[in-house]
Amino acid sequence: MKVKILVIDDEVHIVELLKFNLEISDYEVEYAYDGIDGYIKAKEIKPDLILLDWMLPNISGIDVLKKIRNDKTLNKIPVIMLTAKNMENDKVEGLEIGADDYITKPFSVKELLARISTILRRCNINANPSEIILTTGNLKVDLYKHEVYKGSEKIELTLKEFELLKLLLENKGKVLSRNHLLDKIWGYEYYGETRTVDVHIRYLRKKIEGHNNTDKYIQTIRGVGYKID
C-alpha cells in the first residue's frame, strides 16, 4: 500500500508541482486549496503525512495545525509546514505548536522529498513489522502500537519517556550523552538544561525497573550520559 500524502496549499502551481513529484516518487497524493477543506479531507482520508501551507484562505495553516494536534484521530500524523514566512519566530511557533518540520518557499523538491523520507522513517510508516519491535531482557517496545511491555505487564509511559527508551534501545551498547538526548528528544529549539534529561530518565527507570531498581536496564555513565546494553 502506498504512503498517502495530503497537500494543503492555495497556490495551484505549487500543488501541481508537489503532486507530480510525489507521484513519480511512488506516493499517493490528495490535496485541498484551503484550510477548512484540508482539515475535512484529513478527517476523511487519514493521510500518512500532511504538507501544510501557512498562508491559507479562510483559516491559516497554523490554525489548521492546532486543530490537527487537538484532534485525537489526527494528532499522530506528521506535518511539514510549507511557507514563505522565514523568520525565526515563525519557525519556532510552528514547531512549538506541533509541526514535525518546516521548509520555506521557494524550496528544493529534492530536499523536501528527503525530509519527507526522513520523517516517514522516524514515524515507522511503511516499516517492516520485524523492524518495529525493540527488546532488552524481558522489556519489549512495540514502535507501531506505541506500547511497552515488561513481560506480560503493559507499562504506561509519557511521550518523552517513550522516545527516550526508544532512542536508547535503537543505540544499544552505545553511550548517549545528555546533550545528544536533549537534542534528539526535545529538539534544537529547546532551551532547557540537561537536567531535564536526568529527571525524565529517573521517572523512566521507576516505571521499567521498579522503585527499588530491581531490574537494571539503563546504565548511567558518570559525567557522560546513559546507555542500554
Y149 reachable from I218 in the ILVMFWY side-chain graph, under 4.5 Å edges
no
For K172 and T135, indicate whether the former's side chain and the latter's backbone hold a donor-acceptor pair under 3.5 Å.
yes
Under a 4.5 Å side-chain heavy-atom rule over Ile, Leu, Val, Met, Phe, Trp and Tyr, are Y31 and V109 clustered together?
yes
Co-membership, hydrophobic cluster, residues V12 and V7, 4.5 Å side-chain
yes
Could you tell me the separation between the CD1 atom of I62 and the CH2 atom of W54, rounded to the nearest 0.5 Å?
4.0 Å
For I59 versus K67, what's the shortest heavy-atom pair and its separation?
CD1-CD, 3.8 Å
Where do K105 and D9 land on the side chain to side chain contact (heavy atoms under 4.5 Å, CB included) test, with the steps shown first?
CA-CA 12 Å; K105 298 177 180 179; D9 197 305; 2.9 Å; yes
Distance-only side-chain donor-acceptor flag, D198 / Y226, under 3.5 Å:
yes
Check for a donor-acceptor pair, side chain of N171 on one end and backbone N or O of L167 on the other, with a separation under 3.5 Å.
yes
Here the gap from E153 atom CD to L139 atom CG, rounded to the nearest 0.5 Å, amounts to 10.0 Å
Among L113, V29, L112, which residue satisfies the side-chain contact (heavy atoms from CB on, under 4.5 Å) criterion with L18?
L112
Distance-only, no hydrogens or angles: does the T118 side chain make a donor-acceptor pair with backbone N or O of A114 under 3.5 Å?
yes
Let's go through D229 and K227 carefully: what are the C-alpha distance in whole Å and the side-chain angles of both, what is the deciding distance for side chain to side chain contact (heavy atoms under 4.5 Å, CB included) to 0.1 Å, and is it a yes or a no?
CA-CA 7 Å; D229 285 323; K227 74 169 182 173; 3.5 Å; yes
Tell me the closest heavy-atom pair linking M81 and G61, and the distance in Å.
CE-C, 4.2 Å
Measuring from I50:CD1 to L6:CG, what's the distance to the nearest 0.5 Å?
5.5 Å
So, taking the atom named CZ in R115 and the one named NZ in K110, what distance separates them when rounded to the nearest 0.5 Å?
14.0 Å
Could you check whether K154 pairs with E147 (Lys NZ or Arg NE/NH1/NH2 to Asp/Glu carboxylate O, under 4.0 Å)?
yes
For E44, give me all partners under side chain to side chain contact (heavy atoms under 4.5 Å, CB included), at least two apart in sequence or on another chain.
I40
Salt bridge or not for D71 and K46, using N-O below 4.0 Å?
no
Would one find more than 12 heavy atoms of other residues, nucleotides or ligands at under 6.0 Å from atom NZ of K174?
no
Got a second to check how far T196's OG1 is from I201's CD1, nearest 0.5 Å?
12.0 Å
Heavy-atom donor-acceptor pair, T158 side chain to E161 backbone, under 3.5 Å:
yes
Would you mind checking if D142 and K140 are paired as a salt bridge, meaning a charged N to carboxylate O distance below 4.0 Å?
no
Treating D53 as the side-chain partner and I8 as the backbone partner, does any N or O pair qualify as donor plus acceptor under 3.5 Å?
no
Begin with the C-alpha distance, continue with both residues' side-chain angles, and end with the deciding distance and a verdict on side chain to side chain contact (heavy atoms under 4.5 Å, CB included) for L22 and I116.
CA-CA 10 Å; L22 289 168; I116 289 171; 3.7 Å; yes
Quick check: is L143 connected to L176 through a chain of hydrophobic side chains (ILVMFWY, heavy atoms under 4.5 Å apart)?
yes
What is the minimum heavy-atom distance between I155 and K207, and which atoms define it?
CD1-O, 3.6 Å
Hey, could you give me the CG/CD1 distance between L134 and I228, rounded to the nearest 0.5 Å?
9.5 Å
Identify the two heavy atoms, one from P57 and one from D10, that lie closest to each other, and give their separation to 0.1 Å.
CD-CB, 3.6 Å
Assign the ring pair F162 / H146 to parallel, tilted or perpendicular, where the plane angle (0 to 90°) is split at 30° and 60°.
parallel
Heavy-atom closest pair (L52 atom, L56 atom, distance to 0.1 Å) is CD1-CD1, 3.9 Å
How about Y217 and N138: does a side-chain donor come under 3.5 Å of a side-chain acceptor?
yes
Please find the pair of heavy atoms, one from L165 and one from I208, that lie closest to each other, and give the distance.
CD1-CD1, 4.2 Å
